Asker: 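I have a structure here, written as structure tokens, and I will follow up with some questions on it.
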Amino acid sequence: MDKFRIMVQFLQANQESFMNGICGIMALASAQMYSSFEFTCPCLPAYNYAYSIGILIVPPIWFFLLGYVLNNNISVLTEEWKRPMGKRRKDPAVLRYMFSSMTQRALIAPVVWIAVTLMDGKSFLCAFSPTADLSEFLNETYKGLSKYELQKLQATIPCEDVFDGHGIISRDAATRYIRCFSQACGWIFLMIITVVAFLVRAIRPCFSQAAFLKTKYWSHYIDTERKLFDEMCKEHAKSFAKVCIQQYFESISGEIVPQLSTPMKKGKGNKDDDGEKQKSDEEKLLGIRKEDDMNKVLWNWHTCKPPLLVNKRAEDMNGHALLDTHSFSDERHSQKPMKKTAVAYYSKV
């Protein structure tokens, strides 16, 4: 169990590298899936195009959606987009950055699938064999065929066991001709994707780096804040359960065994350890000791998140924060006002 927890913590700490690895695995899986996929062309003029385009489009859409599902930030983005405004405003630039980051990773596997499909040429051959202009590979005998019969004959070109027009058209030459176009489209597709990726990476520094760093920082903050809030809730729930269970057993111990003698005395070290443990559990409750109070805290966190402002609170002699606002205000007014000095900063840029 500890090893599994350590592994989960490692994955959470290296989430970006982990997601890049997941995208790479999905890309390899898409290529392997296509190589093991049995492509069966219908070899009918009315169904060849629909089947081939479906093979070319439907799996990439599935891989694209799967990339969103496997990305943990999709729930963070949705929660940030749909949450009430409260005391914290929403930054559209941060939402756009998170969405673009997820989209870039989710597009890797679909791009690999489309590129492999076009390079292989089976889908392209099945889709366009009925309508392609193959007059250069036809014999003179094709003139006796109607247009529909010619399309029906060309539609059987991808199916070697069904094709029976060797005396009319050269199947091998027509297959190579169409696959040549498919591979050309595949290389053009890869070139377009590469150029677009290069332009995105090259043009990004031309814009304000300060705005980019701001959006990147707050996107990381939103993700980290959610993780820490979940950890705090788990820690509070664990401490709350411990205290409730201990108080329950202490309350019924006298009712169940009233005639028993006093329990055995524990060693001093064990007593101190139990006391420190109980004290730490009490401290982790942070003053929230009722179900209604906890529900109110969780509801307020969702509906009215606190502003992003960290205030330095005064601390008492025990190191705990002072919760009495009146004493805090009196102490603040009793202190002598500090002399304000103006400070000027000069940039070397």
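Just the heavy atoms: all of them, side chains too, but no hydrogens, waters or symmetry mates, feed the values below. Just so it is clear, the model here is predicted, and its values are computed rather than measured.
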Asker: Should L70 and W62 be counted in the same cluster of Ile, Leu, Val, Met, Phe, Trp and Tyr side chains packed under 4.5 Å apart?
Answerer: yes
Asker: For D230, give me all partners under side-chain hydrogen bond (donor to acceptor under 3.5 Å, both in side chains), at least two apart in sequence or on another chain.
Answerer: none
Asker: For side chain to side chain contact (heavy atoms under 4.5 Å, CB included), just list the numbers for W187 and M119, CA-CA rounded to whole Å, side-chain angles, deciding distance to a tenth of an Å, and then say yes or no.
Answerer: CA-CA 8 Å; W187 282 113; M119 289 297 182; 3.3 Å; yes
Asker: Can you name the nearest heavy-atom pair linking T156 to L153, along with the distance?
Answerer: OG1-O, 2.5 Å
Asker: Indicate the atoms forming the closest heavy-atom contact of F240 with R289, along with that distance.
Answerer: CE1-O, 3.5 Å
Asker: Take atom NZ in K305; do more than 12 heavy atoms of anything else shown fall under 6.0 Å from it?
Answerer: yes
Asker: Which heavy atom of F64 sits nearest a heavy atom of P110, and at what distance?
Answerer: N-CG, 3.7 Å
Asker: Can you tell whether the side chains of K227 and D223 come within less than 4.0 Å, N to carboxylate O?
Answerer: yes
Asker: Step through it carefully: locate the ring centre of F128, locate the ring centre of Y177, and say whether they are under 6.0 Å apart.
Answerer: no
Asker: Report yes or no: do V195 and I203 belong to one cluster of Ile/Leu/Val/Met/Phe/Trp/Tyr joined by side chain heavy-atom distances under 4.5 Å?
Answerer: yes
Asker: May I have the step-by-step check of side chain to side chain contact (heavy atoms under 4.5 Å, CB included) for V94 and Y221, ending in yes or no?
Answerer: CA-CA 10 Å; V94 176; Y221 174 85; over 6 Å; no
Asker: Using modelled atom types only, decide if a donor and an acceptor are shared between the side chain of N48 and the backbone of A155 within a distance under 3.5 Å.
Answerer: yes
Asker: Work out which heavy atom in H302 is nearest to a heavy atom in P84; give both atom names and the distance.
Answerer: O-CD, 3.4 Å
Asker: Hey, any chance Y217 and M98 share a hydrophobic cluster, counting ILVMFWY side chains that come within less than 4.5 Å of each other, even indirectly?
Answerer: yes
Asker: Check whether more than 12 heavy atoms from other residues, nucleotides or ligands sit under 6.0 Å from atom CH2 of W301, and answer yes or no.
Answerer: yes
Asker: Hey, are the side chains of S182 and L125 touching, using non-hydrogen atoms and a 4.5 Å cut-off?
Answerer: no
Asker: Apply the test side chain to side chain contact (heavy atoms under 4.5 Å, CB included) to residues V111 and F189: give CA-CA distance (whole Å), side-chain angles for both, the deciding distance (0.1 Å), then the verdict.
Answerer: CA-CA 9 Å; V111 167; F189 175 76; 3.9 Å; yes
Asker: Answer whether the closest heavy-atom distance between the side chains of F229 and L298 falls below 4.5 Å.
Answerer: yes
Asker: Would you mind reporting whether I157 and I169 have side-chain heavy atoms less than 4.5 Å apart?
Answerer: yes
Asker: Minimum heavy-atom separation for L190 to T194, with atom names?
Answerer: O-OG1, 2.7 Å
Asker: With rounding to the nearest 0.5 Å, note down the distance linking CD1 in I252 to CD in Q247.
Answerer: 13.0 Å
Asker: Group every Ile, Leu, Val, Met, Phe, Trp and Tyr by side-chain heavy-atom contacts under 4.5 Å, then state whether V116 and I188 land in the same group.
Answerer: no
Asker: How long is the straight-line distance from CH2 of W81 back to CG of L95, given to the nearest 0.5 Å?
Answerer: 9.5 Å
Asker: Counting heavy atoms not belonging to K238, are there more than 12 under 6.0 Å from its NZ?
Answerer: no
Asker: Looking at CD1 of I168 and CD of E149, how far apart are the two atoms once the value is rounded to the nearest 0.5 Å?
Answerer: 9.0 Å
Asker: What's the verdict on side chain to side chain contact (heavy atoms under 4.5 Å, CB included) for Q183 and L118, showing C-alpha distance, side-chain angles and the deciding distance?
Answerer: CA-CA 6 Å; Q183 293 178 357; L118 292 177; over 6 Å; no
Asker: Indicate the atoms forming the closest heavy-atom contact of R179 with D120, along with that distance.
Answerer: NE-O, 3.8 Å
Asker: Can you confirm whether F212 is buried at CZ, in the sense that more than 12 heavy atoms of other residues, nucleotides or ligands lie under 6.0 Å from that atom?
Answerer: yes
Asker: Would you say that N73 contacts L77 through its side chain, given a criterion of any heavy-atom pair below 4.5 Å between the two side chains?
Answerer: no
Asker: Can you confirm whether R105 sits close enough to S101 that some side-chain heavy atom of one is under 4.5 Å from a side-chain heavy atom of the other?
Answerer: yes
Asker: Apply the test side-chain hydrogen bond (donor to acceptor under 3.5 Å, both in side chains) to residues S123 and Y51: give CA-CA distance (whole Å), side-chain angles for both, the deciding distance (0.1 Å), then the verdict.
Answerer: CA-CA 8 Å; S123 179; Y51 177 79; over 6 Å; no
Asker: Let me confirm one number: the NZ-OG distance from K242 to S280, rounded to the nearest 0.5 Å.
Answerer: 7.0 Å
Asker: Using a cut-off of 6.0 Å, state whether more than 12 heavy atoms not belonging to F163 lie near its atom CZ.
Answerer: yes
Asker: Hey, could you give me each pair passing disulfide (SG to SG under 2.5 Å) that has a residue in residues 82-131? Not counting sequence neighbours.
Answerer: C41-C126
Asker: Group every Ile, Leu, Val, Met, Phe, Trp and Tyr by side-chain heavy-atom contacts under 4.5 Å, then state whether M102 and V200 land in the same group.
Answerer: no
Asker: Would you give the length of the straight line joining atom CD1 of I193 to atom CZ of F198, rounded to the nearest 0.5 angstrom?
Answerer: 15.5 Å
Asker: Could I get the full list of salt bridge (charged side-chain N to carboxylate O under 4.0 Å, His left out) partners for R83, not counting sequence neighbours?
Answerer: E80
Asker: Does atom OH of Y49 have more than 12 heavy-atom neighbours, drawn from other residues, nucleotides or ligands, at distances under 6.0 Å?
Answerer: no
Asker: Atom NZ of K214 and atom OH of Y97: how far apart are they, to the nearest 0.5 Å?
Answerer: 13.5 Å
Asker: With heavy-atom distances below 4.5 Å as the criterion, would you say the side chains of N300 and K296 are in contact?
Answerer: yes
